[in-house]
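Only one structure is covered here, and it is reproduced in the block below.
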Amino acid sequence: MTTRLSRNRNYQLLWGSQALSEAGFSASMIALPLLVLAVTGSPALSGLVLGVDAMAQLVAGLPAGALADRWDRKKILLGCEAVYALAVASLAAAIWWDAVSVPHLVAVAAVMGCCRSLFGPAEGAMLAGVVPPAQLPTAVAMNSARGALGQLSGTAVGGFLYGLGRAVPFAFDVLVHLISLVALTFVRAPRREAAAPAGGHLGREMAEGLRWVWSERHVRVTVACAVSLNFFFSAYYIVIIVLAKERGVTSGEIGVMAAMLGVGGVVGSLIAPSLQRRLSPYVSIMSVFWVLTLLTPLAAVIHDGYLLGALFVAMALLPPTANTTIGTYQLLLTPDRLRGRLTSVMGVIGGVSAATGPAFGGLVVQAFPGTDAVLLCAAGIALVTLVVTASPTLRRFPRADTLVPEPEPTTEEKTS
């Protein structure tokens, strides 16, 4: 009989603390470019500061996974929250004293990115220890909902708080991260032995994580599918935003339209555990590709921002189910000593596609008329769908409940 996740105290503390942290981070992310623009008057510098945060997450991604497998994961979570809060507090203080500088902004953005980069693999790796296998699909889906909720609420709150004062959204971010820090101290994580002795070679540990992802056929294929789809859809998203503006859709409607993608993600995450139990892994994955293939061309003939928002809701409903299927399988398949590196590899690969897709979309919408740009991105998604549908690996994708987590070697086995 499956234990209810709502009774899992450790997971509830972990989920609640990070829901707050996500909201605080999103509040800072909406306020940060506004602050840079107010201080410098330069849109280019606003983009630079945000780019530093994203770049720091990418650069630190692979080392972060190796460190999450080497160090005590709970201490990593606590350390990241503390350092993050100190960095953002320094920015709030600089605003208060009217001493904001571009180097300081860049440094804070880099610290924020590095902390999030290290926190993610440590939390992801710890999840399978905090949550038993029967609860894992629901936990993966609820984590997805947490991210979408945090982004939606934080973005709205951040804009409002910035209107009250430039330092207010950053003070809010500090406060929620401190609350998260306190909550995390009460999480009881399973004890584990360090996977690498002091002085282990970080580069070899990172390479081991990459080899693991590449050597597991189902993991390798799902990564390739996700990267391809994310690349074309993130390009498509930029094209739709530009096209909507060209068609006279108001900024307010565009904001609602963008928010609808998050609303669809939240709803999709809430229904994901139920769908994941009812659908085969192949169907849950394929449905995402085919729904997007059928829906993405419709934007070429839709001129109303609210209808485009409804289209985004429909597109966002099923990806959480596929992510739950794939994420649960990956966590159960991967030995605990490699889970941090698995999470970091997934994050880095996703970050690369998220960065290159919008750039490609910008080039496409500049080179082709809006409708043609939409159809070109839709054609890319359709091509990926055909390739993925024919994949024999995905047709034989195993159900997560058929997997038994690989036991960790005992001390005697490690030393023999």
Side-chain angles (χ1 to χ4, degrees), residues 61 65 120-121 123-125 127-128 131 133-148 209-210 212-234 264-265 268-292 315-336 338-354 381 384-385 387-406:
E123 187 208 6
L127 185 63
V131 174
Q135 294 178 346
L136 200 54
T138 303
V140 171
M142 291 306 296
N143 278 8
S144 178
R146 179 188 75 191
L210 290 169
W212 166 258
V213 171
W214 181 255
S215 66
E216 293 296 329
R217 186 174 71 256
H218 289 98
V219 176
R220 184 173 69 243
V221 170
T222 52
V223 168
C225 295
V227 167
S228 302
L229 185 62
N230 288 343
F231 175 83
F232 283 109
F233 186 77
S234 57
S269 297
L270 295 177
I271 64 175
S274 177
L275 289 179
Q276 189 264 346
R277 289 192 297 270
R278 288 170 169 76
L279 301 178
S280 71
Y282 178 71
V283 171
S284 69
I285 295 170
M286 284 305 97
S287 62
V288 174
F289 287 84
W290 278 106
V291 166
L292 288 178
M315 291 177 181
L317 286 176
L318 290 179
T321 300
N323 291 339
T324 298
T325 297
I326 295 170
T328 303
Y329 171 83
Q330 290 175 347
L331 282 175
L332 290 177
L333 179 71
T334 307
D336 182 67
L338 289 168
R339 281 176 179 151
R341 279 165 280 185
L342 168 76
T343 305
S344 70
V345 170
M346 297 297 105
V348 169
I349 292 174
V352 170
S353 64
I381 292 173
V384 174
T385 298
V387 173
V388 169
T389 302
S391 168
T393 299
L394 291 180
R395 288 180 180 276
R396 296 192 294 270
F397 200 93
R399 296 188 70 93
D401 54 16
T402 65
L403 293 176
V404 177
E406 179 179 319

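Predicted, not measured: the structure shown is a model, and the values here were computed from it.
Looking at Ser228 and Val387, their side chains never come closer than 4.5 Å, going by heavy atoms from C-beta outward. Two residues are said to be in side-chain contact when any heavy atoms from C-beta on lie closer than 4.5 Å; Val140 and Asn323 fail this criterion. Taking 4.5 Å as the limit, every side-chain heavy atom of Thr138 sits out of range of all side-chain heavy atoms of Gln276. For the pair Ile326 and Ile285, the minimum side-chain heavy-atom distance is below 4.5 Å. In this structure the side chain of Val384 reaches within 4.5 angstrom of the side chain of Phe289, judged on heavy atoms.
The CG atom of Leu333 sits 10.5 Å away from the CG atom of Leu338 when rounded to the nearest 0.5 Å. A distance of 12.0 Å separates CD in Gln135 from OG1 in Thr328, rounded to the nearest 0.5 Å.
Of the possible donor and acceptor atoms, none in the side chain of Thr334 sits under 3.5 Å from a partner among the backbone N and O of Leu331.
In this view, Phe397 and His218, Tyr329 satisfy the ring-ring contact (aromatic ring centres under 6.0 Å, His included) rule, not counting sequence neighbours. Residues satisfying the side-chain contact (heavy atoms from CB on, under 4.5 Å) criterion with Ile271, sequence neighbours excluded, are Leu275. Shown here are the side-chain contact (heavy atoms from CB on, under 4.5 Å) partners of Ala141, two or more places apart in sequence or in another chain: Ala272, Pro273, Thr324. Not counting sequence neighbours, Ser391 has no partner by the side chain to side chain donor-acceptor pair (under 3.5 Å) test. In this view, Phe232 satisfies the ring-ring contact (aromatic ring centres under 6.0 Å, His included) rule with no residue, not counting sequence neighbours. Partners of Asn143 by side chain to side chain donor-acceptor pair (under 3.5 Å), not counting sequence neighbours, listed by chain and number: Tyr11. Residues satisfying the side-chain contact (heavy atoms from CB on, under 4.5 Å) criterion with Arg217, sequence neighbours excluded, are Arg220, Val221, Thr393. Not counting sequence neighbours, Ser280 has no partner by the side chain to side chain donor-acceptor pair (under 3.5 Å) test. Not a single side chain to side chain donor-acceptor pair (under 3.5 Å) links Thr222 to another residue, sequence neighbours left out.
Scanning all heavy atoms of the two residues, the minimum distance from Leu332 to Pro133 falls at CD2-CB, 4.0 Å.
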